[in-house]
Q: 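Below are the structure tokens for one structure; questions will follow.
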Amino acid sequence: MKSPLLSLPGAVPAEGADEGVAAHYGDLFREQRALADGTGFVDLSHRGVVTVTGEDRLSWLHLLLTQHVSELPPGQATEALILSANGHIEHALYLVDDGTTVWAHVEPGTREALLAYLESMKFFYKVEVADRTADTAVVHLPAGSIAGAPEGAVVRETPYGRDLFLPRAGLEAFAAEAGPPAGILAYEALRVEQHRPRLGFETDHRTIPHELGWIGSAVHLQKGCYRGQETVARVHNLGKPPRRLVFLHLDGSEVHLPGPGTEIRLADDGPDGRKVGFVTTSARHHELGPVALALVKRNVPVDARLMAGDTAAAQETVVAP
């Protein structure tokens, strides 16, 4: 969905998965600094919005999701995954219950498949699933923001800020009151700094939650059965994931950032060395310079010097080997 905020001064449209909102509004680093200081907002209205209502909504979702939600208190934010039978990540949901309805925002382009799956699992449960994307927009207020939520907005508060579910018709009025807008590139740079994985960016068709550090934040290890639980339990109790997420400090002298999919090799092996991983997200950070998240093989030494394509990279551990 194309955001009306693309008409704001300086707005440059984003491309790829984030098409429909602004990449930036003319000054990427200024926008990052504003978010880091707790001012401004980010337009996330291209994300899908799904709701679940009915008296069985929490107990039903508890059976399907990786997170413990059967007793989720109203107003408490959480996140959860839906896995395949083999434990691979299929969906990521960012949830809050307002007392009568569970609200979730999801990655662009994923809501139709998610809705189809949820509908197929309703059976005799007293639940109703709805696509609210057409009438509800998501915006993000950074941590520390003193901006108020409009009356009637559903608020999902996390350590990284507040996600607001707003009537889409009120998006422009909200923008006029909420302070300077920041584009999705600023939001993504801070996400990379915070080591937070994103479905479709840090994941591929075989990613399991352990590789990305989603155990705990999105996967509860002491809850009942759900699809893919056997893989989660087996890897947690008996083994290690085949890959691990790392944070990379990239050589700042390079003009171009290594994009997603760029192969990572051990620097000591030279340009013909074997591939040990790949870049998932790269960004230019207002303080750290060029940085990235990447998936590497578990056995890559934590102190190994890496090359992301032609760019030297120093790694910080996100998921322990």
Side-chain angles (χ1 to χ4, degrees), residues 3 5-6 8 10-47 79 92 94 105 107-108 138-145 158-163 178-203 212-213 217 245-262 264 278-295 306 308-309 311-319:
S3 173
L5 303 190
L6 285 171
L8 293 177
V12 175
E15 299 177 346
D18 290 318
E19 182 180 0
V21 295
H24 60 84
Y25 295 89
D27 192 335
L28 173 61
F29 290 154
R30 176 189 60 77
E31 294 165 29
Q32 283 187 41
R33 287 191 290 269
L35 292 179
D37 291 339
T39 60
F41 73 97
V42 183
D43 178 10
L44 299 178
S45 62
H46 63 315
R47 293 182 65 83
E79 57 188 55
Y94 300 85
H105 64 81
E107 289 294 336
V138 179
V139 297
H140 174 78
L141 295 174
S145 171
T158 77
Y160 308 104
R162 287 174 288 160
D163 298 336
I184 194 70
L185 291 182
Y187 180 84
E188 283 289 281
L190 298 185
R191 178 181 71 81
V192 171
E193 177 196 13
Q194 295 156 353
H195 307 166
R196 292 190 290 136
R198 182 177 172 189
L199 182 77
F201 286 64
E202 279 61 59
T203 67
L212 303 183
S217 63
L245 186 68
V246 296
F247 177 75
L248 300 179
H249 293 273
L250 302 171
D251 181 357
S253 66
E254 296 289 341
V255 175
H256 300 290
L257 286 173
T262 300
I264 293 177
F278 59 93
V279 172
T280 58
T281 305
S282 56
R284 297 192 185 278
H285 191 275
H286 69 288
E287 288 184 340
L288 301 176
V291 293
L293 293 175
L295 275 176
L306 304 176
T311 302
Q315 62 170 310
E316 286 186 13
T317 300
V318 177
V319 174

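Any value given below was found using the heavy atoms of this structure, including those in side chains, with hydrogens, waters and symmetry copies removed. In what follows, residues are counted from 1 in the order of the sequence shown.
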Q: A side-chain contact here means heavy atoms from C-beta on lying under 4.5 Å apart; do Leu248 and Ile264 qualify?
A: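 Counting from C-beta outward, Leu248 and Ile264 do come under 4.5 Å.
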Q: Using 0.5 Å steps for rounding, measure from the CD1 atom of Ile184 to the CG atom of Asp43.
A: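 So the CD1 of Ile184 and the CG of Asp43 are separated by 8.5 Å.
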Q: Could you tell me whether the side chain of Thr203 reaches within less than 4.5 Å of the side chain of Thr280, counting heavy atoms only?
A: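 Counting from C-beta outward, Thr280 and Thr203 never come under 4.5 Å.
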Q: Kindly write out the residues that satisfy ring pair (Phe, Tyr, Trp, His ring centres under 6.0 Å) with Phe247, not counting sequence neighbours, or none if the list is empty.
A: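 Checked Phe247 against ring pair (Phe, Tyr, Trp, His ring centres under 6.0 Å); matches are His195, His249.
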Q: Any side-chain heavy atom of Ser217 within less than 4.5 Å of one from Glu79?
A: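 Side-chain contact under 4.5 Å: yes.
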Q: Ser282: what forms a side-chain hydrogen bond (donor to acceptor under 3.5 Å, both in side chains) with it, not counting sequence neighbours?
A: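 By the side-chain hydrogen bond (donor to acceptor under 3.5 Å, both in side chains) rule, Ser282 matches no residue at all.
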Q: Within the 4.5 Å heavy-atom criterion, are Leu5 and Ser45 side-chain neighbours or not?
A: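 No; the side chains remain at least 4.5 Å from each other.
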Q: With sequence neighbours excluded, what pairs up with His140 under the ring pair (Phe, Tyr, Trp, His ring centres under 6.0 Å) test?
A: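 With sequence neighbours excluded, His140 shows a ring pair (Phe, Tyr, Trp, His ring centres under 6.0 Å) to Tyr187, given in chain and number order.
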Q: If you compare all heavy atoms of Leu35 against all heavy atoms of Pro142, which two are closest, and at what distance to 0.1 Å?
A: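 Residues Leu35 and Pro142, closest heavy atoms: O-CB, 3.3 Å.
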Q: Quick one: side-chain hydrogen bond (donor to acceptor under 3.5 Å, both in side chains) partners of Glu188, sequence neighbours excluded?
A: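 For Glu188, the residues satisfying side-chain hydrogen bond (donor to acceptor under 3.5 Å, both in side chains) (neighbours in sequence not counted) are Arg191, Arg198.
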Q: Would you name the heavy atoms of Ala92 and Leu199 that are closest together and state the gap between them?
A: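 Closest approach of Ala92 to Leu199: N-CD2, 3.8 Å.
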Q: Strictly by side chain to side chain donor-acceptor pair (under 3.5 Å), give each pair with a member in residues 23-40 just once, sequence neighbours left out.
A: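 Every side chain to side chain donor-acceptor pair (under 3.5 Å) pair that includes a residue of residues 23-40, provided the two are not neighbours, is Gln32-His286.
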Q: Please name the pair of heavy atoms, one in His46 and one in Pro108, separated by the smallest distance, quoted to 0.1 Å.
A: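 Reported closest heavy-atom pair: CD2-CG, 3.4 Å.
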Q: Show the nearest heavy-atom pair for residues Thr311 and His256, with the distance to one decimal.
A: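 So the two residues come closest at OG1-O, 4.4 Å.
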Q: Out of curiosity, Arg284 CZ to Leu28 CG, how far, rounded to the nearest 0.5 Å?
A: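 It comes to 9.5 Å.
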Q: Looking only at heavy atoms, which two atoms of Pro197 and Tyr94 are closest? And how far apart?
A: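 The answer is O-OH, 4.2 Å.
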Q: Would you indicate whether the side-chain heavy atoms of Leu8 and Pro181 approach each other to under 4.5 Å?
A: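 Yes, their side chains come closer than 4.5 Å.
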Q: Any non-hydrogen side-chain atom of Leu190 less than 4.5 Å from a side-chain atom of His285?
A: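 A side-chain contact under 4.5 Å exists here.
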Q: Among all residues two or more places apart in sequence or in another chain, which pass the side chain to side chain contact (heavy atoms under 4.5 Å, CB included) test with Tyr160?
A: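 Checked Tyr160 against side chain to side chain contact (heavy atoms under 4.5 Å, CB included); matches are Thr158, Gln194, Arg196.
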Q: Of all the heavy-atom pairs spanning Arg162 and Ser145, show the shortest one and how long it is.
A: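 Where Arg162 meets Ser145 most closely, the heavy atoms are NH2-O, 3.1 Å.
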Q: Is there a side-chain contact between Leu212 and Leu295 in this structure, where contact means two heavy atoms from C-beta onward sitting under 4.5 Å apart?
A: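 Yes - at least one pair of side-chain heavy atoms lies under 4.5 Å apart.
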Q: Within a radius of less than 6.0 Å around CD of Glu193, do more than 12 heavy atoms belonging to other residues, nucleotides or ligands occur?
A: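 Atom CD in Glu193 is packed in, count exceeds 12.
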